[in-house]
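Only one structure is covered here, and it is reproduced in the block below.
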Amino acid sequence: MLGVALVALVLYVDWTSLAQNFAKGDVADKALPELFTIALRNTLIYTIGGFVLAFVLGLIFALMRISPVRPYRWIATVYIEIFRGLPALLIFLLITFLPLALPGFEVPGGTYGQGILGLGLVGAAYQAEVFRAGLQAVPKGQTEAARSLGMSAARAQFTVVIPQAIRIVIPPTTNQFVSLLKDSSLVLFLGVSGQYVELAKFGNDLASQYANATPIMVSGLTYLIVTVPLGYLAARLEKRKGSGR
């Protein structure tokens, strides 16, 4: 049945028209230089900045989530549930209204700062749960051993528990980076243009300019060039982690 469907698809599709609209060589050539010097560069800036912010905030909220202090747990839980429950697109749209809601307030870093803030706020909610699982996976005996050596609770946490937890969560954190890289396409809803465009916005703008979908296809392939190796790396790390148990 599948073979018949594939044969019908091959016979039905106008391959010449498909190539002209989705894989036109001269349009791809015009897109390539700025694809790497502007779009991919900006995508990496938004993603890496958002990842760093998500990593730091995620660790803080994870520590608050497992804290014996009840208000800390409440604050962390509310944050995580809200930012995991809301669509990421809604967060980016709300960021565009910050200057109206808070007159005189400007996100540091301008357009780059807005994109990084959006990705960081969304990513922190998921990263916090990743860290929480890692922190709880570290045997309690490690903390007890550190405390028996005279370490304070804070020092035991930061020098013994957290380093081990970070090693445990490397595979899911790599997947989190890939998710942020794909979510960086939401930056286009901040109304970015010119030197601030990322891959999705870049491909969409050029597709409109040339009335051709080739730039979108080229942008999509660029995403895959980055995300597929990272996904493979995460799978290898996860496999190595599993075999090491």
Side-chain angles (χ1 to χ4, degrees), residues 31 33-65 72 75-131 166 169 172-206 208 215-216 219-220 222-223 225-227 230:
E34 292 187 343
L35 179 84
F36 291 107
T37 58
I38 296 178
L40 179 58
R41 181 201 65 186
N42 287 341
T43 296
L44 293 176
I45 290 174
Y46 292 127
T47 304
I48 293 173
F51 176 76
V52 171
L53 182 59
F55 191 92
V56 174
L57 289 178
L59 180 57
I60 293 172
F61 283 118
L63 291 171
M64 293 173 66
R65 185 78 183 265
Y72 287 169
I75 294 171
T77 300
V78 169
Y79 177 87
I80 291 169
E81 294 303 325
I82 287 177
F83 280 88
R84 287 204 312 171
L86 292 176
L89 171 59
L90 195 60
I91 304 302
F92 277 84
L93 293 176
L94 288 174
I95 288 175
T96 64
F97 284 93
L98 277 179
L100 296 177
L102 303 170
F105 173 78
E106 291 186 3
V107 178
T111 302
Y112 286 127
Q114 289 181 324
I116 290 170
L117 177 63
L119 291 173
L121 291 176
V122 173
Y126 294 93
Q127 190 62 37
E129 288 299 88
V130 171
F131 273 131
I166 289 176
V169 303
T173 298
T174 305
N175 285 325
Q176 181 64 25
F177 183 86
V178 173
S179 295
L180 285 182
L181 182 75
K182 291 185 289 185
D183 283 346
S184 67
S185 63
L186 296 173
V187 169
L188 72 87
F189 290 100
L190 296 175
V192 297
S193 60
Q195 61 176 323
Y196 299 108
V197 297
E198 40 60 59
L199 282 169
K201 174 70 172 171
F202 178 81
N204 185 56
D205 287 351
L206 282 191
S208 299
I216 296 177
S219 294
T222 308
Y223 275 114
I225 289 172
V226 180
T227 58
L230 285 174

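Because the structure is a prediction, the values reported are computed rather than measured.
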Tell me whether [X] contacts the main-chain N or O of [Y] through its side chain, where contact means a donor paired with an acceptor under 3.5 Å.
X    : Y    : answer
T227 : V178 : no
S219 : A200 : no
N42  : Q195 : yes

For this session: Verify side chain to side chain contact (heavy atoms under 4.5 Å, CB included) between L119 and F51, making sure each step is shown before the conclusion.
Result: CA-CA 7 Å; L119 291 173; F51 176 76; over 6 Å; no
Looking at [X], I'd like to know if its [atom1] atom is crowded, meaning that more than 12 non-hydrogen atoms belonging to other residues, nucleotides or ligands lie closer than 6.0 Å.
X   : atom1 : value
E81 : CD    : yes
Y72 : OH    : no
E34 : CD    : no

Where is the tightest heavy-atom contact between [X] and [Y], given as atom of each residue plus distance?
X    : Y    : answer
A125 : I80  : O-CG2, 3.8 Å
A54  : G123 : CB-C, 3.5 Å
Y46  : V192 : OH-CG1, 4.1 Å
G118 : I91  : O-CG2, 4.4 Å
F36  : L40  : CD2-CD2, 3.7 Å

Problem set entry | Aromatic ring proximity F131/F61, centre distance under 6.0 Å | no
Problem set entry | Centroid-centroid under 6.0 Å between F189 and F92 rings |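 No, too far apart.
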Exercise. Do I38 and V197 come close enough that some side-chain heavy atom pair is under 4.5 Å?
Worked result: yes
For this session: Would you mind reporting whether V107 and Y112 have side-chain heavy atoms less than 4.5 Å apart?
Result: no
For this session: For side chain to side chain contact (heavy atoms under 4.5 Å, CB included), just list the numbers for L35 and T222, CA-CA rounded to whole Å, side-chain angles, deciding distance to a tenth of an Å, and then say yes or no.
Result: CA-CA 9 Å; L35 179 84; T222 308; 3.2 Å; yes
Problem set entry | Under 3.5 Å side-chain donor-acceptor pair for S185 and E198 | no
For this session: Report the residue from L90, V187, L117 that forms a side chain to side chain contact (heavy atoms under 4.5 Å, CB included) with I95.
Result: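 Looking at L90, V187, L117, the match for I95 under the side chain to side chain contact (heavy atoms under 4.5 Å, CB included) is L117.
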